Every structure is written in structure tokens, then in C-alpha cells.
Amino acid sequence: RPPYEQARDELIELVKRLEAGGLTLEQSLALWERGEELAAVCEEWLEGARARLATALARREQSEQPPGAPF
């Protein structure tokens, strides 16, 4: 699985090629399919990042002392 930034950049270029037109139907379908794969990769990375952030925030909240607690 490629890194997020690589998948995102490839997806951006792919969309530009599709928007530019001039492709055969077969080329367009192949690019679309690759775009779907790249979008799924990006989504996996983002979901992983969200989960890591949620875990870090939960740990932080658990480690904070309640208001009024002695030092």
C-alpha cells in the first residue's frame, strides 16, 4: 500500500487526466478503476489517522487530573 501522500498525488493527476478528456473508453475505465483503488487507500490512511488521534485524545483525557484534585 503506497503512502497517503503518494496515493493522493497520483489520484490528483489521474483526475486531471480524466478531466482533460481525449481518452478512449477503455483508458477512461482503467483510470477510473485505478482512481477507486487510490481513493480506498487514502480512506484507509485517514481512518487509521482518525483512530490514532482518538486513542491519543482518550489517553490524554485519562491522564489529566480532575478539577480540584490536589497536586
Side-chain angles (χ1 to χ4, degrees):
R1 155 176 112 153
Y4 171 80
E5 292 81 5
Q6 181 182 341
R8 181 203 57 214
D9 292 347
E10 185 180 344
L11 184 56
I12 290 169
E13 289 305 313
L14 190 145
V15 169
K16 287 179 184 177
R17 287 183 62 196
L18 284 169
E19 288 178 340
L23 302 169
T24 66
L25 177 58
E26 190 61 35
Q27 290 169 325
S28 295
L29 287 173
L31 289 176
W32 181 270
E33 289 169 346
R34 178 64 180 154
E36 290 289 324
E37 292 170 5
L38 292 168
V41 167
C42 289
E43 186 61 31
E44 283 180 43
W45 277 108
L46 292 173
E47 286 299 321
R50 285 184 192 109
R52 288 175 60 196
L53 180 58
T55 299
L57 289 173
R59 284 184 188 150
R60 181 175 163 224
E61 288 175 5
Q62 289 174 353
S63 68
E64 291 179 352
Q65 293 184 2
F71 293 90

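Everything quoted here is computed from the prediction, not taken from an experiment.
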I'd like to know whether CZ of R50 has more than 12 heavy-atom contacts from other residues, nucleotides or ligands below 6.0 angstrom.
yes
R1/E37 ion pair, N-O < 4.0 Å
no
Checking one residue: V41. Which other hydrophobic residues are in its cluster under the side-chain 4.5 Å linking rule?
Y4, W45, L46
Only distances under 3.5 Å count here; give the side-chain donor-acceptor pairs of residues 7-19 to other protein atoms, sequence neighbours excluded, each with its distance to 0.1 Å.
unit_1: E10; atom_1: OE1; unit_2: R34; atom_2: NH2; d: 3.1
unit_1: E10; atom_1: OE2; unit_2: R34; atom_2: NE; d: 2.9
unit_1: E10; atom_1: OE2; unit_2: R34; atom_2: NH2; d: 3.3

